[in-house]
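Working notes for the structure below.
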Amino acid sequence: MHDCQVDMVGQKGAQLGFTETALNKVFFAIDVRAASVLYVLPASTPDASDFSTSRFDPALESSDHLRKLFSDVKNIGHKRAGQANLFIRGSRSRSQLKSIPVGIIIFDEVDEMVQDNIPLAFERMSGQVEKQKFLLSTPTIAGYGINAYFQNSTQGEFFFKCPACSKWTQCVFPESIVITAEDYNDPKIKDTHLICTDCKAILPHAGKVDWLSTGKWVDAKPQMPMKGFHVSQLYSMTTTPAELAVSFLKSSSNAADEQEFYNSKLGLTHTVKGAKVSEEDIIACIGEHMMKDKSTGFITMGVDIGKYLHCEIVEWRVPKHRPTPDVNLLAKAKVVHACKVKEFNDLHALMRRFRVRSCVVDAQPERRKAFEFAEMYAGRVKLCFYGRGVRSRTINVHTDRDQTITVDRTNWLDVSLGRFFRGSITLPKDIPLEYRKHVQALTRIYKKDADGNPIGIYVKADNDADHYAHARNYSEIALLLGLSLGKSQDIRSAP
Ligand SMILES: [Zn+2]
């Protein structure tokens, strides 16, 4: 990896030395080639400052040569070394990634980054003669983040000569590991060990330095443009096979640990069962009705704004003695219409034909047009932001004047997409194929929050669209709003 001079992708388990490799390439570029480097981390705070103190400073402390090389290191985001510069930036701010001419860019923890800003940083290199990109991350789901790049790479795996049978082989899960207990509390688990997948000889963890030293990268797709490198913790010098076994056995008990095991231990993409709506789930929800042109029940509409305006119109069956907080869990949804239209003007006809009682529209990216639309319906239309700091399914209603609300994206998607698992939504027989695809695009994954606790978020593969899934979500939010009309305070649904 140190020798690689073309664009490269590292899809990896956690703590396998990839950042260390990236750092070596950074210092080499600055020292030997006098090239400037852009090092991109997910966020400028705390990531960039953490990187400066926990990675950059220690490197200088342990090397006189590097210390002499850098003339100015006080600025967290900009270290100067003669004519060369090291810029350390977060991925969130587009302006931070602009106007920096560099010869090499490192993207560290790609899956935690704002994905749309990555190609923007690529453009920064266009004027350079010698240029290289190095993207690295633990993966999440197939086609998302690092895996989207890895799929477009040579997909190299690390092979070595088995010390017992001398065949070229690799460590893979589960074939290469013999787990010696069924419960992670069982002391026998410490005997867990690695074996050669060919001759089944034991590959001692303590001898990794020796038997991996014969190794070489073998590309699965040598013709691809980027060089790809995948390594799992089966190769780790520090994580023992027994520790991996504990992680594996724990992973069967909950979704967050299962995701963590495949992503962070094996460096593989993984979708937990039930984390996304499947085609079977959708088929099970298709009813006897066809799409309608009008309707008379309690109707809500959700509108997602993109190149088109994707709309979902739902007729609700709300239980009579409804305790309001649970209404989204108790009400049954019947989708009567789903369509995409080109302009806000087209929404008026839908509002009229279906006598929509409550409508929620994506507040971005057409804020002004959405506002003008909402203004015409006296509180029946709200513009929705997905926001941070909103707990559970509370709807933060802002002043009537700007017609906006803020909700938590994950909590509401849990309810609106959860209908497909609970069977509490009925689709028309002729529901558009695009709707079926969009609803299946979102996968619920787990990330760690600032305190290290797992939190659920919904992501999609880079090439998938999810507009109808959000139209679905807005339609769901519109139900609670519609039943709470006239109340000015924040509206709270059951946690
Ligand atoms: Zn062997």
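One-based numbering, in listed order, for ligands and for the atoms of each. When a residue number appears, it is its place in the shown sequence, counting from 1.
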Taking C-beta and beyond as the side chain, do R393 and W412 meet within less than 4.5 Å on heavy atoms?
yes

For the Zn ion (ligand 1) the protein N, O or S atom count under 2.8 Å stands at 4

From L427 CG over to R419 CZ, what is the distance, rounded to the nearest 0.5 angstrom?
11.5 Å

Does this structure show an ion pair linking E434 with K340, if we count only N-O contacts that are shorter than 4.0 Å?
yes

With a 3.5 Å distance limit and no angle check, can you tell me whether T239 reaches the backbone of S236 through a side-chain donor-acceptor pair?
no

In terms of the angle between their ring planes, are Y468 and Y435 parallel, tilted or perpendicular, with boundaries placed at 30° and 60°?
tilted

Applying ring pair (Phe, Tyr, Trp, His ring centres under 6.0 Å) to Y458 and not counting sequence neighbours gives none

